[in-house]
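Below is one structure, written out as structure tokens; the observations come after it.
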Amino acid sequence: MPLEALFQGLLGASSLLIGAVLGICWKPGRVITAAIMAFGSGTLLAAIAFDITQPVFENAGFIPLLVGFVLGGTLFTLIINYIDDQGGFIRHPSSSRR
């Protein structure tokens, strides 16, 4: 069992080394870089969401979970739009071309 955990840890950590070597040897374009970053962040968000939603669903059911998702998404969108309207988009170079 300890050797299996060690092997899985080494396998997981090896992605950092592989990514570093690829980044040094190969300069991907902006679209490929954005796609890789979007996939990685989506994977992390999905892992967190699954850990959070399962207990909520088991304790409260589907409707409170749905209401939380809708309210959270709406609130996030409203706050981001407000910040952008107040000039906050200037702080983000990726969105400063608007």
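Computed from a predicted structure; not experimentally measured. Only this structure's heavy atoms are used, side chains among them; waters, hydrogens and symmetry mates stay out.
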Path from V67 to F57 over hydrophobic side-chain contacts below 4.5 Å: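 The answer is yes; both residues are in one hydrophobic cluster.
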Starting from V21 and following side-chain heavy-atom contacts under 4.5 Å between hydrophobic residues (I, L, V, M, F, W, Y), which residues can be reached?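 Listed partners: L17.
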For I24, what are the other residues in its hydrophobic cluster, where any two members join if their side-chain heavy atoms are less than 4.5 angstrom apart?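 Direct or chained contacts put I24 with none.
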With [X], which residues qualify under side-chain contact (heavy atoms from CB on, under 4.5 Å), at least two apart?
X: P64; value: A60
X: V56; value: L65
X: V31; value: none

Output a table of donor-acceptor pairs, distance under 3.5 Å, between side-chain atoms of residues 72-79 and any protein atom two or more places apart or on a different chain; print 'none' if there are none.
from: T74; atom 1: OG1; to: V70; atom 2: O; distance (Å): 2.7
from: T77; atom 1: OG1; to: G73; atom 2: O; distance (Å): 2.9

Enumerate the side-chain hydrogen bond (donor to acceptor under 3.5 Å, both in side chains) contacts for residues 45-55, please, sequence neighbours excluded, ordered by first and then second residue.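 Sorted result for residues 45-55: Q54-E58.
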Validation: residues 35-45 side-chain donor-acceptor distances under 3.5 Å, sequence neighbours left out:
from: S41; atom 1: OG; to: M37; atom 2: O; distance (Å): 3.0
from: S41; atom 1: OG; to: A38; atom 2: O; distance (Å): 3.2
from: T43; atom 1: OG1; to: F39; atom 2: O; distance (Å): 2.8

CD-CG distance between Q86 and N81, expressed to the nearest 0.5 angstrom: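 The CD atom of Q86 sits 11.5 Å away from the CG atom of N81.
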Run the side-chain donor-acceptor check on residues 7-14: report pairs under 3.5 Å with partners two or more places apart or on a different chain.
from: Q8; atom 1: NE2; to: E4; atom 2: OE2; distance (Å): 3.4
from: S14; atom 1: OG; to: L11; atom 2: O; distance (Å): 2.6

